[in-house]
Protein chains: 2
Amino acid sequence: MALTLKAMAYFTTALRHGNIAKAAAELNIAASAIATAIDQVEAEFGLTLVTRQRARGIQANASGREVARKCARLLEEYRSLLAEGAALKQSLSGTLRVGYYAPIAPAFLPQILENCLLHGTDVTLELEECDNDQAQDGLLEGRYDAILFVTEDLRPALTYDTLLTAPPYCLLPATHPLAAHPSITMAQIAREPLVVLNRPVAASYYEGLFEPGARQAPVVAYANSTEMVRSLVAAGRGCAILNMRPLTSESYSGAKVVERPITDDLPPLTLAIGYDRSAPRRIVQVFADGCRRHFARTGRAQCIVPPAPR
Amino acid sequence: MALTLKAMAYFTTALRHGNIAKAAAELNIAASAIATAIDQVEAEFGLTLVTRQRARGIQANASGREVARKCARLLEEYRSLLAEGAALKQSLSGTLRVGYYAPIAPAFLPQILENCLLHGTDVTLELEECDNDQAQDGLLEGRYDAILFVTEDLRPALTYDTLLTAPPYCLLPATHPLAAHPSITMAQIAREPLVVLNRPVAASYYEGLFEPGARQAPVVAYANSTEMVRSLVAAGRGCAILNMRPLTSESYSGAKVVERPITDDLPPLTLAIGYDRSAPRRIVQVFADGCRRHFARTGRAQCIVPPAPR
DNA sequence: TAAACAAAATCGGACAAGCAGAGGTAGGCA
DNA sequence: TGCCTACCTCTGCTTGTCCGATTTTGTTTA
């Protein structure tokens with residue numbers, strides 16, 4: 001590794017000029033540096049590559065020209081490597097790999113992607129649904145460029161931007177007596193059969209919202225997808241507590257559900273986007289900005305049920 | 001040029017191991033050097049390429065693997081560049097460009113080349129006939145790999161090996177009265193019409209062999225090729241003084257000539273091979289060795305007319 | 001829960017490499 | 001013969017690289 005790229009660059013420049021002094025001027029360095037570089041190249045190959053004639057400059061022999069050509073090619077590829085690296089950072093093309101915590105993202109992710117990408121850009125999306133821990137670990141291990149997750153069991157090394165704090169709300173069948181109230185208390189919910197979203201973070205979060213011993217009716221179902229929860233609720237099996245709201249109030253089964261704020265002072269879930277904030281690829285930055293913009297404007301109102309005034 | 005080949009090598013090795021310490025062990029350097037190299041690569045591209053997890057090693061993300069692949073390719077080409085350079089020095093293939101002073105080489109050059117090259121080797125020969133000064137300058141300027149020349153008007157910077165010292169001899173028509181003598185004096189030649197080889201070095205050399213005012217018969221012809229001189233002499237136009245002897249005693253015209261040593265103490269011509277002795281390509285070294293061997297053995301007797309005992 | 005372990009980050013100092021600038025020298029040219 | 005050009009050499013300074021020790025952080029095991 002004695003022969004450095006720098007030496008090659010000096011060498012080829014000197015041969016191109018046939019003159020050490022001119023090459024030094026072009027490169028803005030001292031002539032002695034160039035002379036040294038030429039010596040290094042010759043030493044590396046153990047060949048005489050240039051004839052140095054005082055007062056007449058330098059001249060490459062056939063081997064020297066051969067070597068210079070090869071070096072120039074290598075330098076060219078080096079430059080293109082750097083350029084490709086810059087492109088990797090700059091371009092909107094490439095693959096954007098997003099991991100998202102299953103219950104939170106489907107409500108808004110397509111809309112964001114629609115807004116900030118895909119306008120004729122050459123981006124391949126890889127969207128992967130996973131649990132909150134998997135998302136965080138996947139980001140840390142480089143499997144994802146960005147993750148949408150909630151800040152529970154937060155990994156310390158992870159950098160993220162908060163997008164939204166979503167208070168829990170109560171999901172009821174449209175025909176349920178409580179649906180007539182504009183807002184509901186936890187005490188009321190405690191008397192209703194409950195459908196619980198059974199995901200790693202969610203289940204414990206929702207159970208934890210109740211005072212110990214407060215529950216008076218059973219959990220009638222655990223379901224591990226939001227849509228199943230909504231469908232069960234719509235079918236009248238019970239009510240549920242959720243944080244994120246889909247854009248529709250219909251369930252898959254077609255029956256109507258209603259969302260009602262909860263008056264109790266409950267800890268919200270914090271939705272965040274995690275990504276490498278120090279040196280993101282441009283496409284990642286664009287996506288993260290798009291997410292933030294989305295929730296700064298319309299997104300917030302769409303995705304949460306605002307707490308009731310108390 | 002901040003990103004050195006060395007840094008790339010460290011970087012790729014570290015990623016290959018997924019572990020800085022192991023990479024350091026493989027490369028026999030300190031781990032901190034590798035950590036620095038990784039930092040350099042990331043800084044160069046302004047991207048996070050590697051996630052470092054204490055107690056778990058390092059892991060490249062997609063961009064990191066991409067960059068590592070590109071770097072590995074560049075390193076591969078660097079190694080092949082070095083290998084090609086070494087081959088340039090080592091191989092017997094390639095082009096051997098020989099410049100030779102016209103009057104001296106044709107007598108023996110084909111035989112040498114036959115002996116030391118061309119045994120199934122992949123060598124292209126470029127033989128260029130020229131004058132003594134052109135040969136020397138061409139070597140210094142890298143146009144020739146080796147030159148066969150005489151050490152008159154010697155360029156100071158030129159390195160060479162002496163092959164042969166060739167005393168002048170007298171060339172006579174076979175029918176000439178002097179041809180009966182085993183050797184001849186300059187005084188005898190001075191009375192004969194003379195044919196002179198008119199080449200830059202030769203003409204003055206031959207004229208200088210005579211004492212000032214000693215010539216009693218005219219120069220009947222100047223000819224600028226050895227063969228023309230021999231033909232003129234064979235035709236009986238006069239006699240000539242030469243140094244190198246062809247392998248045949250017939251001239252192109254078919255008439256016979258004879259060579260006779262000169263008894264006077266005259267300066268010989270020194271035949272030499274000039275080439276870069278400090279770092280020759282292998283093919284050049286082989287050729288030069290072949291020349292020296294040739295004249296150490298049979299070549300000498302074939303090419304000169306030994307001086308007569310006085 | 002604590003202790004032991006593993007691996008990366010950090011820091012300071014030693015060493016080497018690269019470079020600038022001055023002075024020297026050989027070759028070309030008028 | 002003297003001047004000019006352009007390379008070479010040498011010295012000291014600056015920068016970079018590397019090592020080794022220490023610290024920090026995270027994992028695994030008792």
Side-chain angles (χ1 to χ4, degrees), chain A residues 1-11 13-44 48-60 64 133 136-137 140-142 153-158 278, chain B residues 1-11 13-15 17-44 48-60 64 133 136-137 140-142 153-159 278:
Chain A
M1 204 114 304
L3 181 56
T4 65
L5 288 167
K6 197 183 280 190
M8 290 188 221
Y10 291 1
F11 177 74
T13 306
L15 289 208
R16 184 153 43 79
H17 283 97
N19 181 310
I20 291 185
K22 285 208 187 74
E26 177 184 317
L27 297 170
N28 291 317
I29 57 170
S32 58
I34 307 235
T36 305
I38 295 175
D39 291 344
Q40 283 176 341
V41 176
E42 290 194 327
E44 179 66 33
T48 300
L49 301 176
V50 303
T51 57
R52 303 128 141 101
Q53 292 169 286
R54 291 173 195 265
R56 292 223 296 175
I58 59 175
Q59 191 162 17
D133 291 346
Q136 293 188 66
D137 292 339
L140 289 177
E141 288 165 16
D153 294 332
L154 185 63
R155 303 292 185 276
L158 202 145
S278 65
Chain B
M1 204 115 306
L3 182 56
T4 65
L5 287 167
K6 196 181 281 192
M8 290 187 221
Y10 291 2
F11 178 75
T13 306
L15 289 207
H17 284 96
N19 183 310
I20 292 183
K22 286 208 187 74
E26 177 185 317
L27 297 170
N28 291 318
I29 57 171
S32 57
I34 306 231
T36 306
I38 295 175
D39 290 344
Q40 284 175 340
V41 176
E42 290 194 327
E44 179 66 34
T48 300
L49 302 175
V50 165
T51 57
R52 305 131 140 101
Q53 292 168 288
R54 295 182 137 122
R56 293 223 295 175
I58 58 175
Q59 191 162 17
D133 292 347
Q136 293 188 65
D137 292 340
L140 290 176
E141 288 165 16
D153 294 333
L154 185 62
R155 301 292 185 275
L158 202 146
T159 61
S278 66

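Letters A, B, ... are given to chains in the order of the sequence lines, protein chains preceding strands, and every chain is numbered from 1.
One atom, CZ of A:Arg52, and another, C1' of C:dT25, lie 15 Å apart when rounded to the nearest Å. Residue A:Ile38 contributes atom CD1, which lies 16 Å from atom C1' of C:dG18 at whole-angstrom precision. At whole-Å resolution of the value, CD1 in B:Ile34 and P in C:dT10 are 16 Å apart. Rounding to whole angstrom units, CD of residue A:Gln40 and C1' of C:dA16 are separated by 13 Å. In this structure, A:Ile58 atom CD1 and D:dA6 atom P are separated by 12 Å, rounded to whole Å. Counting to the nearest Å, the C1' atom of C:dG28 and the CG atom of B:Asp137 are 13 Å from each other. Counting to the nearest Å, the C1' atom of C:dA8 and the CZ atom of B:Phe11 are 16 Å from each other.
Closest approach to the A:Ala33 side chain among D:dC18, C:dA20, D:dT17 is made by C:dA20 (side chain taken as heavy atoms from C-beta onward).
Applying side-chain contact (heavy atoms from CB on, under 4.5 Å) to A:His17 and the options A:Ile20, A:Leu15, A:Asn19 leaves one that passes, A:Asn19.
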Do nucleotides 23-30 of chain D as a string where each nucleotide becomes B, S or -: B if the base has a protein heavy atom under 4.0 Å, S if just the sugar-phosphate does, - if no protein is that close. -BBBS---
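The base of D:dG20 lies close enough to the side chain of B:Ser32 for a donor and an acceptor atom to sit less than 3.5 Å apart.
For DNA chain C, the residues of residues 13-31 of chain A within the heavy-atom distance limit of 4.0 Å (strictly under) are A:Asn28, A:Ile29, A:Ala30, sorted by number.
Note on A:Lys6: a side-chain N or O is less than 4.0 Å away from OP1 or OP2 of C:dC19. Contact between the side-chain N/O atoms of A:Tyr10 and the OP1/OP2 oxygens of C:dG18 is not found at any separation under 4.0 Å.
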Cut-off 3.5 Å, no hydrogens considered: what does the side-chain donor-acceptor table look like for residues 28-38 of chain B, sequence neighbours left out?
{"from": "B:Thr36", "atom 1": "OG1", "to": "B:Ser32", "atom 2": "O", "distance (Å)": "2.8"}

